[in-house]
Every structure is written in C-alpha cells, then in structure tokens.
2 protein chains.
Amino acid sequence: MSANDPHISGAAAERRPMRRDSNTGRLAVLDQTKLPHSVEWMELSSEADAARAIVDMHVRGAPLIGAVAAAGLALALDAEAGDAALDAAVARLRATRPTAVNLAWALERVSEHVRPLQPAERAAAAHALADRICDEEGARCAAIGAHGVALIAGAAEAKRGAGPVHVLTHCNAGWLATFDYGTALAPVYKASEAGIDVHVWVDETRPLDQGSRLTAWELAQAGVPHTVIVDNAGGHLMQHGQVDLCIVGSDRTTAHGDVANKIGTYLKALAAHDNGVPFYAALPTSTIDWSMGDGVAEIPIEERAPEEVRVVHGVDAGGARGALDRFAAATAVSNLAFDVTPARYVTGLITEHGVFDASPEGLASLRDVHAASEG
Amino acid sequence: MSANDPHISGAAAERRPMRRDSNTGRLAVLDQTKLPHSVEWMELSSEADAARAIVDMHVRGAPLIGAVAAAGLALALDAEAGDAALDAAVARLRATRPTAVNLAWALERVSEHVRPLQPAERAAAAHALADRICDEEGARCAAIGAHGVALIAGAAEAKRGAGPVHVLTHCNAGWLATFDYGTALAPVYKASEAGIDVHVWVDETRPLDQGSRLTAWELAQAGVPHTVIVDNAGGHLMQHGQVDLCIVGSDRTTAHGDVANKIGTYLKALAAHDNGVPFYAALPTSTIDWSMGDGVAEIPIEERAPEEVRVVHGVDAGGARGALDRFAAATAVSNLAFDVTPARYVTGLITEHGVFDASPEGLASLRDVHAASEG
C-alpha cells in the first residue's frame, strides 16, 4: 500500500482520511503533515504505527484520532489478544494525546465490545467496530451539515444577496479531521452544494498551520471560495462587518457547554461576542465529556514541543520541501495546543441531533435526544 | 559605511536603530528584516533609500518611521531644496505607509521648520532637526519607562514574591521601533534595571514575526527573561492567571483613546478585559492623532502583500538563510497590518507625561499637559 496505490489514492476523493482495504484488510491514513504540498498515504500495520501517527500528528482532529486509536487497538489485538494485552494497549493508546475526549471514548467502546469475546475473536471484532466508528462519524458529519446549513441559509436570507455569507473558521474541522463532511465545514459544504454563495475566512492556525495547509486545501478541492488570514486578523474583520458567522470544531465539550478547541479559538469567540457575530461549535456527541462541568478549570491542555513553533515547513522556489528555524538559537518557547471557550461566548452547538444551547440545560436536552436515538 | 564599520556597528549597543555619523554625516539604519539571524546596517544615501527602507520594513515602528522619514526628507533636500521639491518629497514620503501618524507628523514638522529658510540652508537644518527628533523620541521613551515602571512595581508588590511579574506584549515596541528604551518595553527595561523580577510573554506576531524575531532578540540582549508564544496563546494564559499586565505600543491613537496597533492587538485587549488583566498602550504623544475620534471607523488600515503571509524566512540546519512557501500555490490571502482597539478596552495610556485614561477626558488632559510642556 503506497502513495501510488490506485485503490488507496482514490480515497482522497471520498473525503476519508483513514481507510481499510476491504480485500486485504490493510489500513492507511492520509499523512496530514505533508499537505498541501503532496498527498501521501501512510500504512498502519501495528499499534505502534497508529500511536506514532497520532502523537506526531500525521492524523489529527478529535473524531479521526478516536477512529485511528480504535483501529490501533484492533492492530494490537492482531498481535496479542488476552485481557492483559487488551488493557495495556488501551492505556498506551489513551496516553497519546490528552485533550480530545474521543480517544478515550473510542478505546472504551472497542474495549467493552471485545472483552466478552474469546481472545481469538477479538481482533476481527475490533476491526469491524473501528470500521463502524468511521462510518458513524461520517453519518454524524452529514447530519451536522444538514442542521448547520440552515444557519448559513438564514444569514444569506438576511443579506439578501449583498455579497456572500462570510464564515470564519479556526484550525481544520473538515473531513481531514473526521469523515465525509467534517464538523465545522459540514454546514459550509452543504451550503455550497445547495448553491448558497458562501466564502470562508481561514485562520492560518499557528503553530501547525492546520488552517492554511489543511482547511484551505480541502476548500480548494471542493471549489468553495476562501481566503487565508493570520490568526491576528479575525477581530478586525468582525469589527468591520466582514464576518457573518463563526463555526469551529471541538476537541472536548463539557456538560456545561464549554468548548475546548485549537488554541486561539477563545480569542475569536471574544471578538464575535464583542461584535454581535454568532459563534457556533460543530461537534458530534462523541466529543462531549459528560463528566466535566467547568472546562477552563478541568480540561487538560496539551503542551507540545517548542520545535513546532520555531521550525516552519514549506517548499522552496524550486518546489523542494524544506524546514527553517525562524528564531534566535536560545529563545524559550511555550507551545500550548488548545484553549477553552466558556459557554457564555458560544451561540450554539451544532450536533448530529440539531442545534443546542451551550448551557447545562442545552446539554441535558441534547443528552436526552442522544440517549433516545441510541435507545 | 558597512556592517563592519566599527563606528556604526557600535550603535547596536546604544539601542538606536538609526544613526548619523557625526563626522561624515552618513546615515544608516539597522536592517530589521535580517534579525535575529544577523545584525546588518543599511546606508541611506537618498530619499529613495529612506522610502524603500520604510516600505519594505527594513525599519518599522511608528516613532522610528517618523524619524527615518524626517531624515529622508533631509536627504531629498540635499539633492534639491526648492519649494516644489520640498512639497513633492513630503508627499512621496508620506505615502510610504498609511497607518502610523508619526510619518505625517515628522514630515510636517521638518517641512514647517525649513520652509522659511533659504533653499541653500534647508538640508542642513532638516538633518539637524531629524537628529533632534531621534533624541527627543529617546527622551520620551525614557520618560514612558519612568512612568510605566510604577505599574510593574505595583504588580510585583501585589504578588509579594509569588513568581515574576508576567507582562504580555504584542509585536515589537522596544528600541528597535524607536530609540533607547522603546515604548511598550520601556517599563520592562526600567523594572529590570530596578531589580524587579519580570518575565515577558512575547507574542510571535504573525505575519512578520516582530515578536519572535525582534522583541525576543532585544530582551535577550538586555538579559530580560522571556518566552515566545504563538499569537493564539495569550487568551489561555490570561484565563489561567499567567499574565499580570499587557503593554503594547501604538501606531496611532485617537483623541477618544482608541489605539491602532499591529493586527491582533484588539484580540489581546478583549482577553485582558474578560479576565480582569490591565491592558496598557505605551506611546509618545507624537503618535496621537488629535484630529480623529472614532479609531475603528476612521484610521486607515494598511493592506500589505500576501507574500508576507505565505513565505517565511529563517535559517536551515546549516545556518544558511532561506525562504519557504507554506501554502498551496493558488491560495488567496488577505494581509491587513493593523487593527484598532476601542478605548473601552484600554486601561490607560503610558506617555512621556504620565499615565492617562484612554477617554476623551484623559486625552484632553494629556493635551493640556503636553502643550504646557512645549510652551
């Protein structure tokens, strides 16, 4: 399975950043560190491969890392499937990244599913469930888009053709972060499919540039008009009426409606609030941590290596990939990966079950609907 | 005059990014596009050299571009000093950058000073006045530091030794932006000189990285502890009590107290307000535009080339300078250089005359004190 494998490279068109070949069972993920300069797939043939793909952010995005962890657990069970091996693999995979709750959620789900089975049956069942998680996340994204498109349609109606609806997004919460439609981008894709004139302001999203590298690439593939801006620019645009609504993803959402997402999200929510711009988080219920209330106090925030800030990657004038250090040698750097936006700055949560208030009451209502849907 | 000229390279130690050799009359500026990887001086021998240094941001910072424009006008008068030539040079230099008001202020001042003189006397008088502007800006910075250090001392007192006073700053408003002590960094340098334990969070400041390249370099030269963060991080730090006060510079301040500064400043002011962190702008009165009230509506915001966002500069593993393109080829980019922070989010203005409220009343009071000091 390589970048040139036609069976796999076709997956880009399918908007699926992880896939398992139905004939051979081999797993591959789209290497997001290489985008937008090249589209390369990485084979995952062991738990260690899956863990490394998550830690080094070849894959990222809360729903996707949940799915990759589930597949990684299945690969671990391919090698050894006893209870002790199962528990150890869950613990190792859970430790790969701390902030997104999907990782724990997906591992828990696979673990509970296979534990009652005989060891010899566990790996196959785990692979099948990992596949199902991918399909379910894809279906949730489509539903998020179906609910969220009404917000964009409403903004278009209010503008009565006075230019496109301008949506600002931070980081990448498109299909590269999950499956099929993405979360924050799902309403945008659905609006575009419906012929609504929509334009996206893409926050560059330092330090890893998930906006300028990934969201811009996704939107270009889909033909959705967009403009990259530095993370510093959104407030000015909102002051000047250039943003109609903000939609971001979420790595973990608490039962009070606080939203952990890529560092810098909170600053955009403050600017939206100051300028009367609606600010939505789009998320599948799999990213909700029902055990937490105060997200600012409770959600663990990952600190990553300083090199992610100081070293930048790109292509030179001849198109060759390279890396450059932008700093003086001895400079100290802090690299926190997420922040938490308090619920009071979140206009609503766009979920697969509809749009809910970011409040304890809104979340309780969502929980009831979700339980009924699973019932 | 070259990078190796000992007379000029000594200027770095003097914290002066522009200097005129007292023997030869030759002018040089520190090339800020080359920092922090090398310290290089550029000779300015014509008005065109000065204009290019401003437009291409070899020099930047409101007080400094005022001083360089004044020197550029003197160089223009070296070549031709009639009334028409004077007016034309003022118009050309004024057009180099639109947002900072010091450019117009310094040109106006030199122009008014030399116009009553015979053409043959104008160039020498202009050079002398440009020199005086540099000295005056230096003196203003020292006074800003003397007034602002009390705010840091007060924070240190309140913390009673519970760690350093953490100051967050955006962009570079140190001596590289003006002379001697800088504006936003003047209170920090004075605090450090006074033995106060102070640490600076340095916003990277995309797209041109004036924080990570210039502020971090300045602070390292002075031995002031500091940590570079991405522009996205400050809100999270404030939510978690890691910032005691914010101090930024200003490119133009209105008579109502609105503050134009590097894009992204507004977002930090919102976060400071949300978390009860004092937010100060430090500025000489030369950056005040007494003719303007509503800064958001009235201050012109410069839009610069998209290449500043898409191409990054640094050094490779071997220490060689290089540039890399980070984006997919066709990506649209918007690059606005400044934003405006409304006065309601500014705790106070630290000026050479003291700390004033960012309000029409505060500015009126400052204007009276300033007029009296000039009277």
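Here is the naming used below: chain letters follow the sequence lines, and residue numbers restart at 1 for every chain.
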Taking side chain as everything from C-beta outward and backbone as N, CA, C, O, which of these in [X] sits under 4.5 Å from a heavy atom of chain B? Side chain, backbone, both or neither.
X	answer
A:I301	side chain
A:L35	neither
A:R213	side chain
A:D231	both
A:L270	both
A:H313	backbone
A:A323	backbone
A:H273	neither

How many angstroms lie between [atom1] in [X] and [atom2] in [Y], if you round to the nearest 0.5 Å?
X	Y	atom1	atom2	answer
A:H236	B:T341	NE2	OG1	12.0 Å
B:R326	A:E204	CZ	CD	4.5 Å
B:Y345	A:D274	OH	CG	3.0 Å

Q) Going by heavy atoms in the side chains, are A:V333 and B:I229 under 4.5 Å from each other? A) no

Q | Heavy-atom side-chain contact between B:R321 and A:L324 under 4.5 Å | A | no

Can you tell which of [options] has the highest number of heavy-atom pairs within less than 4.5 Å of chain B?
options	value
A:D209, A:T265, A:N335	A:D209
A:S334, A:A320, A:A328	A:S334
A:A233, A:A216, A:P306, A:A329	A:A233

Q: Taking all heavy atoms of B:L267 and all of A:A271, pick out the closest pair and write down the distance.
A: CD2-CB, 3.7 Å

Q | Nearest atoms (heavy-atom pairs only) where B:V340 meets A:Q239 | A | O-NE2, 2.9 Å

Flag the one option from [options] with the top tally of heavy-atom pairs under 4.5 Å to chain A.
options	answer
B:D316, B:L336, B:V315, B:T205	B:V315
B:H37, B:H226, B:K262	B:H37
B:V296, B:V311, B:V312, B:D339	B:V296

**Q.** Polar side-chain atom of A:N232 near backbone of B:R206 as donor-acceptor pair, under 3.5 Å
**A.** yes

Q | Any donor-acceptor pair under 3.5 Å from A:D325 side chain to B:A317 backbone | A | no

Q. B:L237 versus chain A, heavy atoms under 4.5 Å apart: side chain, backbone, both or neither?
A. side chain

Q: Using non-hydrogen atoms and a 4.5 Å limit, figure out which bit of B:F327 sits close to chain A: side chain, backbone, both or neither.
A: both

